[in-house]
Amino acid sequence: LTATGGDVTPPSITHPDVVQIVNAFGPAAVTYAPATVTDNTDPAPLVTYSPVSGSTFPFGRSLVTVTATDASGNVGTATFAVTVKLPTPV
């Protein structure tokens with residue numbers, strides 16, 4: 001016997017490409033485009049970012065996690081990289 005129920009499919013997330021910032025002065029406040037989130041039943045899943053756009057990132061590579069939660073409680077996640085680096089010497 002197979003039970004059937006409500007929505008069990010998590011939202012789908014399309015995140016920004018890798019974000020790269022060149023900064024000669026130190027860590028940088030980085031903004032990035034919002035992710036595109038779709039869901040099979042919820043037209044507007046709750047989307048959160050960690051860290052949020054506009055946060056200050058240190059030199060090097062950091063990951064941003066995008067989490068989307070639909071009305072049924074299904075959770076989808078995705079990550080993308082933000083890199084802050086020094087400019088190439090001339």
Side-chain angles (χ1 to χ4, degrees):
L1 182 65
T2 302
T4 58
D7 176 28
V8 295
T9 305
S12 173
I13 301 170
T14 303
H15 54 78
D17 290 331
V18 172
V19 177
Q20 191 162 306
I21 302 296
V22 177
N23 186 344
F25 303 106
V30 178
T31 57
Y32 38 83
T36 301
V37 178
T38 57
D39 187 69
N40 63 335
T41 61
D42 185 349
L46 174 66
V47 180
T48 59
Y49 301 84
S50 181
V52 299
S53 183
S55 295
T56 299
F57 287 79
F59 279 117
R61 184 175 183 266
S62 302
L63 292 178
V64 174
T65 300
V66 183
T67 303
T69 306
D70 68 16
S72 297
N74 300 307
V75 178
T77 60
T79 59
F80 63 93
V82 170
T83 302
V84 176
K85 65 181 190 173
L86 293 170
T88 304
V90 180

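The first residue in the sequence is number 1, and the count goes up from there.
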Looking at residues at least two apart in the chain, or sitting in another chain, which of them share a side-chain hydrogen bond (donor to acceptor under 3.5 Å, both in side chains) with N74? D7, D70
Partners passing side chain to side chain contact (heavy atoms under 4.5 Å, CB included) against V75 (at least two apart in sequence or in another chain): T67, T69, T77
Cluster check V82, L86: I/L/V/M/F/W/Y, side chain < 4.5 angstrom: yes
Approximate separation, where rounding is to 0.5 Å, of T79 OG1 and I13 CD1: 10.0 Å
Check: residues 52-61 side-chain donor-acceptor pairs under 3.5 Å, at least two apart:
from	atom 1	to	atom 2	distance (Å)
S53	OG	Y32	N	3.0
S55	OG	V52	N	3.4
S55	OG	V52	O	2.7

Please find the pair of heavy atoms, one from A35 and one from H15, that lie closest to each other, and give the distance. CB-CA, 4.1 Å
P51 versus L63, closest heavy-atom pair with distance: CD-O, 3.8 Å
Restricting to side chain to side chain contact (heavy atoms under 4.5 Å, CB included), what partner residues turn up for S12, sequence neighbours left out? T38
